[in-house]
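Take a look at the structure below.
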4 protein chains.
Amino acid sequence: MNILFIGDIVGRAGRRAVRLFLDKIKKENKVDFIIANGENSAGGFGITKKVAKELVDYGIDFFTMGNHTWDNKDIFKFIDEKDNLIRPLNFPENNPGQGWKTIEINSKKVTIINLIGQVFMQSCDSPYHKFIELYPQIRDSDIILVDFHAEATGEKMAFARAVDGMVTAVIGTHTHVQTNDAQILPQKTAYITDAGLTGAVDSILGMKADKMVQKMKDSLPVRYEVATGEVKLEAVLVKIGNKNNQATAIETINKNNL
Amino acid sequence: MNILFIGDIVGRAGRRAVRLFLDKIKKENKVDFIIANGENSAGGFGITKKVAKELVDYGIDFFTMGNHTWDNKDIFKFIDEKDNLIRPLNFPENNPGQGWKTIEINSKKVTIINLIGQVFMQSCDSPYHKFIELYPQIRDSDIILVDFHAEATGEKMAFARAVDGMVTAVIGTHTHVQTNDAQILPQKTAYITDAGLTGAVDSILGMKADKMVQKMKDSLPVRYEVATGEVKLEAVLVKIGNKNNQATAIETINKNNL
Amino acid sequence: MNILFIGDIVGRAGRRAVRLFLDKIKKENKVDFIIANGENSAGGFGITKKVAKELVDYGIDFFTMGNHTWDNKDIFKFIDEKDNLIRPLNFPENNPGQGWKTIEINSKKVTIINLIGQVFMQSCDSPYHKFIELYPQIRDSDIILVDFHAEATGEKMAFARAVDGMVTAVIGTHTHVQTNDAQILPQKTAYITDAGLTGAVDSILGMKADKMVQKMKDSLPVRYEVATGEVKLEAVLVKIGNKNNQATAIETINKNNL
Amino acid sequence: MNILFIGDIVGRAGRRAVRLFLDKIKKENKVDFIIANGENSAGGFGITKKVAKELVDYGIDFFTMGNHTWDNKDIFKFIDEKDNLIRPLNFPENNPGQGWKTIEINSKKVTIINLIGQVFMQSCDSPYHKFIELYPQIRDSDIILVDFHAEATGEKMAFARAVDGMVTAVIGTHTHVQTNDAQILPQKTAYITDAGLTGAVDSILGMKADKMVQKMKDSLPVRYEVATGEVKLEAVLVKIGNKNNQATAIETINKNNL
Ligand SMILES: [Fe+2]
Ligand SMILES: [Fe+2]
Ligand SMILES: [Fe+2]
Ligand SMILES: [Fe+2]
Ligand SMILES: [Fe+2]
Ligand SMILES: [Fe+2]
Ligand SMILES: [Fe+2]
Ligand SMILES: [Fe+2]
């Protein structure tokens, strides 16, 4: 089975990239299922029901989120009904939505988990503890995929090494820059530190560069705007053996209209 | 002119990678000058006179540093005499050492600057302000190279965009994971978010994985150790036109003995 | 000379406290000059021209600010004209406004400086470096007062000890909780870690308690609101000898209408 | 019942303060039980079996800890046997020691809980979630006391307001500066933001001032040392009604040998 994991989709430009490149990627790689990090898909901040529907129309099957989960309040209206969207499992106990779902893909039982890091991020419970608590309920899944949404490279790798052999893949998100370290870990878990950015090419993390520069340089209030122009889609393709359900390969995918 | 910038060298394993691969990389790419981030070259923490000499013997011409600059106290003995090592310019005013040097390479005046980020890092002065203050003194250099040592992808890119066209290249370091975004920015400055790691392959950021996992998971005191085994060298090669002194290309270099 | 320094004024409740108690405090203590931290005086976030005028009408002579300086955009319209309001000196170089002013009070030359801490705060330049750079210009002042706006107790005390004997007083602000450590340091600088809160009594830092609890507990988006009900004014009175211009005492002042 | 809670004891100077002043405080206030934060009692970093015994000899009955719990490795040898020492409950699950204990004092069932904040502190689980999880097991205690070890004033107050009426007292620790806000909250829980410092008077947070200044100013490696000279003991006295087991008063206690 081939699972495509698309890096953080940022605003209209990111959605355009999905529209322009996803079909081609699916065909070229015989993709069976498509997961995307959607935390920035609506104007760069959060997700809405309408935006989620648009992205589903383009072919995305499932969404994970991150620190921007609640940025657009529209999510509170639909997160509890949605069966194709999860938010970090280690958010506070009583938060709306769920942190994992088990679904069926090609007769395989597939569990998708969303976790968020603690280092340089907002306060949250330990992703280790939450994963260990959850594991007995999901360990009979054929495939387990984790979106580990975090800032620090070391935290991402440490989590992946801690669960190496227990899950099929750990895909890092959040930094909006694809890393060059897609690999199969010693115990056969597929891993990348960050899947990258799906959005405008001429941008900083998908947002207009001049606004970001101004903000960093002067620390004065700046209204960020989603960048426009040429777009790119960054993702990883995780190839999973049909017999042993183990990851056999993880490859970066990069498409743009430059 | 071809300048090689080697990502953070971590401990003995990192030095071994330099010994094993640098000569070959030099020859294959007609490298004129070699800069390396040396902040972790002595046992993973700091640099010593002896380690610096060893790396010079393997072919490294110049060292930049970062948040680990002072980890090994040996540096206080030699930093003020060394003409091939700089530490972040935006460290407190009265810190030993210098934050930039201008040297001659193939009859070109080349300035190398080391800056450190403010986001998720120890307190320091604004890299923007320090750069702007310095610029009049160095703007007549033929080539200006910046090692921007920082955690946050957005801060690295924002700085690069702010100085795009004013410097030849901005090379990010510190995260120990090479990014997949080497590029020439709109105003011709070469850029990568992170040059990567030179050290043990089976590691977390060059350190033994089990110790790092234990630390992240339990938050108990753990003594980090430099990882061993197979090694890799990660770097970027910046190609600079001889006539206009502009970057014409920036390419990632990855060598390992797997 | 007796100088009153009022802790962060939060919203309408804080302004009411000033209206209710300031005259009485002035009379009881023969106050010559009144400085207040105004960073939260307009609805809890920033300051406006109107709010500043209201507070001047109640008797406040001078305002310092902090991390909330730019929260209300009204400030950009008037900060460059105002001669009775300063923002942190170690904000980025090109920010509007000024970080210090020298004024005349009772024929004395009085310099007021606003600095912000680096620990657990937004990025800024070193307050030490900025102070040292400024000092030659102001050292002939009769009296020098510093509002050091910071989170960490250790950072506040360390700065005060560093400038002990060079300035008349270092008054901490920002935590909205008055500390019980008003003291004259060994070299005669008056010091308190935090002057406290001027605002609603039944509140968390001047804001409605239930909203703050909800935010801390659930990490979901919450709209903070200035608390109402009974109010308090917290301040310190710095007594300065007329001959040697040294602080002779620093006393906490607390008034409320419970 | 009168319970004395002593603010962070820092090193030899702090222990001397306990030796010099505790007996007198006990007598003057009819103290029934004495709790102290001991995280800095051994040389400023952690606690040892020997130091704990010394402090017990001076009259301390029970210890709470904080972010410095594991600084001195001696604790790993004895924490699991000790019935008078707890560490933050919201530390990672598998950490040694316990986060709460129920003991008997004057025929009353008294539960003492240690929690640590998430804001500006090392990563840990939500103190809210951990408290709520624990509460059913301890709610039949006559008296419940919480040491909430945290940096941010707002986080401390928010927690206290969240558990107001569920526990007898929430005592803040960690900042080493006593606050001037001891109060009975609306639902009768006694509260102070910080109990203060027990250690050397001429110090920064109990450590030698010159070393702390040097560290903050230059960001170079500095070996902290416990300060010496005159000492102080800072604490709060919580008075609890014998019939309804509610806090009737909370008063700051300050003794020094100046
Ligand atoms: Fe994102
Ligand atoms: Fe994110
Ligand atoms: Fe490094
Ligand atoms: Fe670094
Ligand atoms: Fe404030
Ligand atoms: Fe503030
Ligand atoms: Fe402490
Ligand atoms: Fe602490």
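Below, chain A is the first sequence line, B the second, and so on; all start at residue 1.
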Which bit of C:Ile132 is near chain D, if near means a heavy-atom gap under 4.5 Å: side chain, backbone, both or neither? side chain

Can you say whether C:Ala162 sits under 4.5 Å from chain D via the side chain, the backbone, both, or neither, judging by heavy atoms? both

Note: D:Leu233 and D:Ala17 closest approach over all heavy atoms is CD1-O, 3.9 Å

Salt-bridged, C:Arg87 to C:Glu39, with N to O below 4.0 Å? no

Assess whether a salt bridge exists between D:Glu230 and D:Arg16, defined as any Lys/Arg side-chain N lying under 4.0 Å from an Asp/Glu carboxylate O. no

Measure up the C:Phe159 and C:Phe148 rings against each other and bin them: parallel (under 30°), tilted (30 to 60°), perpendicular (over 60°). parallel

Would you please classify the geometry between the D:Trp70 ring and the D:Phe91 ring as parallel, tilted or perpendicular, with 30° and 60° separating the classes? tilted

Among D:Met207, D:Gln214, D:Lys217, which residue has the highest count of heavy-atom pairs closer than 4.5 Å to chain C? D:Lys217

For the interface with chain C, which of D:Glu151, D:His129, D:Gln118 has the highest count of heavy-atom pairs at distances below 4.5 Å? D:Glu151

Chain C contact via D:Asp210 - which portion, at a heavy-atom distance below 4.5 Å: neither

Only one of C:Gln178, C:Lys156, C:His149 forms a side chain to side chain donor-acceptor pair (under 3.5 Å) with C:Asp194, so which one is it? C:Lys156

Scored by heavy-atom pairs under 4.5 Å with chain D, the best of C:Gly196, C:Gly154, C:Pro186, C:Ala152 is C:Gly154

Count the heavy-atom pairs under 4.5 Å between each of C:Thr175, C:Thr252, C:Asp218 and chain D, then report the option with the highest count. C:Thr175

